[in-house]
Amino acid sequence: MQTWRDKISKIFAPHTQIPVLAIDPDSLLSEEKLNLDIRSKGFEIIPFEETTAFRLVYESKYREQTDRGEEIDLLILVQSTELEQHNIPFDVTVKCKKVSIRGSDLLYQLSPTVVSELGAQFFDEIEEALSQHQPPKLGEKDTREFILKNIFDVDVQSINDTDKLFRFLIRYHYRGKKLPPVLEEYLLEVLNGKSLWQEWPLDILVHSDSAFYTFLQERWPLFLERSSGQIDESKYELQYPGPLILPFDQIDVRVYVDNLFNEGLLDPVPHSKQIDSSHQWANVGILAPETIKKSFKLNRIIPAAVKEVPGPEAHYAEWIRFAFRWAEIQRLLFGANQEETSEIMLSVQSLQEQIDQSFHVWIDRYYGGLYSQPANPPVMVHHIPRFLSQIIDKKQTNKVALLVIDGLSLAQWLVVKNEMMSEASDFSFDETAVFSWIPTTTNVSRQALFSGKLPMLFSTSIQNLTKESVLWKQFWNDHGLNEEDLLYLKVKGQSEELSIMEDESMHPKQRVLGIIIGKVDQIMHGMKLVYSGMINQVRQWASMGFLKNLLLLLLEHDFSLFITSDHGNIEAEGIGRISEGSLAETQGQRVRVYSNSVLRDKTKGKHPELEEWPQIGLPDDYLCLLPPKRKAFVNSGDSVVTHGGACIEEVIVPFVSVSRRGKK
């Protein structure tokens, strides 16, 4: 049977005489497997985002070939419905083969409006469901319900009492298969249209995993008290409104409750009263002396994580979800004393090797297609400015602040978040993650983040950061903002800087702030106690209150607030320093960069264990060699906390929306 991918793939025959210009408003060509298939045919893919950047790449790399009529396998990708919206130069379009690709042409039984907002990651399952059920042509409402029921196992009309609502919510979040916005909006419309749950903050409980688990966590003690007798409601101050008592004791909910505690998504709580025999199953959520130890929690989380490591064919969203699980393991592991964790280190090392092997294969196959993903939601760090500009354009906000904590890994973000939350703050964090650029160095990935561009488009400044502020302001100037609307600011991350920041950043006209916080990167590069010391110093910095107070300051001034990082870090073992004089342009601890293949190959010939990183989004004169696995170019046997390579902790970094408690 011919699949939807087959129908599109046959359009792209290799060895063509002219470039292909694809109008792809549904971003189907960015789907990983299809994107890989097209690239494996030899096509280079350029997403058209704005005229100047496109012209730079096209003129420097492809103009001479097209003018001479030479064979060229080039795909110009336009993620819009009309060429005119993007102002693609006529002299380019006239030399291209033009194709239009729409999801509604492939899934014709469904509403085109809904299909256009779904995302191609669900097309395989939808295609199978359509083949099985053979529905007639469906309208918008029936399309939404068909997909909810057959792809997400959600029969929205059958959710008609509190037990069913709770069962749906706990199963939905535990499974981790998130609804695209078009379906989430419909689900909420139906649920909010029923008068049964007016007190439930359904918008935030459906949308946010972290909010839902907080909602459960703060009501679990109330459930235990009720099972033991009278509830003293005055003892509890709840972050989220809603019913005090949740039906945790449903037979088909208990298995999820058990898993949530066993896997560390919920924490056991103290409970001194005797619970009755019918509630003995609830002991999994009652704090006992042994459960206080981090090793107890790790022994529960690690076996579950082993089963969840994504495979080489996984969707990028699966790696993002798993990266949080691995980050939590690292937070617990390196936040405990060595005696407490010594018995589980072999299990952790085995899991780490499994992750590294699978992630390496996945990166090799699919990383090259990530940069052409649509920017909403952002998938790579350079998508973030475009995402922010879109939410401003859509009037979702008028003021945006982006905090870039240089070098912050996901595990360290969890340390920072937990430290702030332990002070009973009223923050709500909507957490996801994005991919940094490889090599995961500041001059590559952070400049991509602030410019909104592929690294090949800032090739003249890629060796340093001197033009970073110019790139940030240039992006926003191109998107309609004036100089006085913008601020680019670098700070160390010390409390005494807050008053200066308030003076500089709170001018009434300023609408977009880009703030770099350097403390974590400073800790990393001065680290002598390797990763456990890194975790503890990050925790100590978070406890000093700078970040918490900065977040409060920005929220008080009505900024929509986001936190991210340019790259993460790992603990790497030295394999020896490479002596090569001035051959390498950049001599980092996890990367060597060369201006041409002759110089790179000379070093590669002497050190065949080094890996050539492909020219994905990089300038032609920026060729990289990476050390194997978790190794570094430092003295043999030494350990160092560093970055630059392609391990999961370096590549997948936090992207977090911060708001006040109870707000989406």
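Keep in mind it's a predicted model, so treat the numbers as computed, not measured. Both backbone and side-chain heavy atoms feed into the values below; hydrogens, waters and symmetry mates do not.
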| query | Heavy-atom distance under 4.5 Å between the side chains of Leu487 and Val512, does that happen here? | reply | no

| said: Any heavy-atom pair between the side chains of Val520 and Met534 that's under 4.5 Å? | reply: yes

| query | Hey, does the side chain of Tyr367 reach the backbone of Ile438 with a donor-acceptor pair shorter than 3.5 angstrom? | reply | yes

| request: Report yes if some heavy atom in the side chain of Phe387 is under 4.5 Å from a heavy atom in the side chain of Phe562; otherwise report no. | output: yes

| task | Tell me whether the centres of the aromatic rings in Trp362 and Phe435 are closer together than 6.0 Å. | result | yes

| message | Less than 3.5 Å apart, any donor N or O on the side chain of Thr214 or Tyr240 sitting next to an acceptor on the other? | response | no

| field | Side chain to side chain, Met421 and Gln239, heavy atoms closer than 4.5 Å | value | yes

| message | Using a strict threshold of under 4.0 Å (side-chain N to carboxylate O), is an ion pair present between Glu225 and Arg219? | response | no

| Taking C-beta and beyond as the side chain, do Leu553 and Phe559 meet within less than 4.5 Å on heavy atoms? | no

| Can you name the ring pair (Phe, Tyr, Trp, His ring centres under 6.0 Å) partners of Phe322, sequence neighbours left out? | none

| field | Side-chain donor or acceptor of Ser436 paired with backbone N/O of Glu650 under 3.5 Å | value | yes

| query | Do side-chain atoms of Asn443 reach the backbone of Ile462 as a donor and acceptor pair under 3.5 angstrom? | reply | yes

| request: Taking all non-hydrogen atoms of both residues into account, name the closest pair between Trp413 and Pro654 and its distance. | output: CB-CG, 3.9 Å

| message | For a 4.5 angstrom cut-off between non-hydrogen side-chain atoms, does Glu263 reach Arg325? | response | yes

| query | Aromatic rings Trp281 and Phe223: how do their planes relate, parallel, tilted or perpendicular, breaks at 30° and 60°? | reply | tilted

| When you check the gap from the basic side-chain N to the acidic O, do Asp406 and Lys490 get nearer than 4.0 Å? | no

| query | Can you tell me how far NE2 of His207 sits from NE2 of His173, rounded to the nearest 0.5 angstrom? | reply | 10.0 Å

| query | Is it true that a side-chain atom of His383 and a backbone atom of Pro377 form a donor plus acceptor pair closer than 3.5 Å? | reply | no

| Does the pair Tyr531 and Gln412 meet the rule for a side chain to side chain donor-acceptor pair (under 3.5 Å), with working shown? | CA-CA 10 Å; Tyr531 209 80; Gln412 290 146 18; 3.2 Å; yes

| request: Mark yes or no for whether Arg321, through its side chain, and Gly176, through its backbone, hold a donor-acceptor pair below 3.5 Å. | output: yes

| Phe215 and Tyr213: CA distance, side-chain angles, deciding distance, ring-ring contact (aromatic ring centres under 6.0 Å, His included) verdict | CA-CA 5 Å; Phe215 182 77; Tyr213 290 138; over 10 Å; no

| field | Distance-minimising heavy-atom pair for Ala542 and Val416 | value | CB-CA, 3.9 Å

| Any residue meeting ring pair (Phe, Tyr, Trp, His ring centres under 6.0 Å) with His643, in chain and number order, not counting sequence neighbours | His525, His567

| Is it true that Arg365 and Glu32 have a side-chain N and a carboxylate O under 4.0 angstrom from each other? | no

| query | Under 3.5 Å, is there a donor-acceptor pair between the side chain of Lys604 and the main chain of Leu610? | reply | yes

| field | Parallel, tilted or perpendicular: ring planes of Tyr488 versus Phe450, cut at 30 and 60 degrees | value | perpendicular

| field | Side chain Gln447, main chain Ser461, donor-acceptor under 3.5 Å | value | yes

| task | Give me the one residue out of Thr432, Val434, Leu410, Val379 that meets side chain to side chain contact (heavy atoms under 4.5 Å, CB included) with Ile320. | result | Thr432

| Are any side-chain N or O atoms of Ser428 and backbone N or O atoms of Arg660, one a donor and one an acceptor, separated by less than 3.5 Å? | no

| note | Output for pair (Ile570 CD1, Cys647 SG), nearest 0.5 Å, gives 4.0 Å

| request: Measure from the side-chain N and O atoms of Glu318 to the backbone N and O of His315, and report whether any donor-acceptor pair falls under 3.5 Å. | output: yes

| task | Find out whether the Lys NZ or Arg CZ of Arg592 is both under 6.0 angstrom from the six-membered ring centre of Phe633 and within 45° of the ring's axis. | result | yes

| query | Side chains of Glu313 and Tyr366: donor-acceptor distance under 3.5 Å anywhere? | reply | yes

| message | Looking at Asp430 and Val658, would you say the former's side chain and the latter's main chain have a donor-acceptor pair under 3.5 Å? | response | no

| said: Taking the basic N atoms (NZ, or NE/NH1/NH2) and the acidic carboxylate oxygens, is any pair closer than 4.0 Å for Arg446 and Glu468? | reply: yes

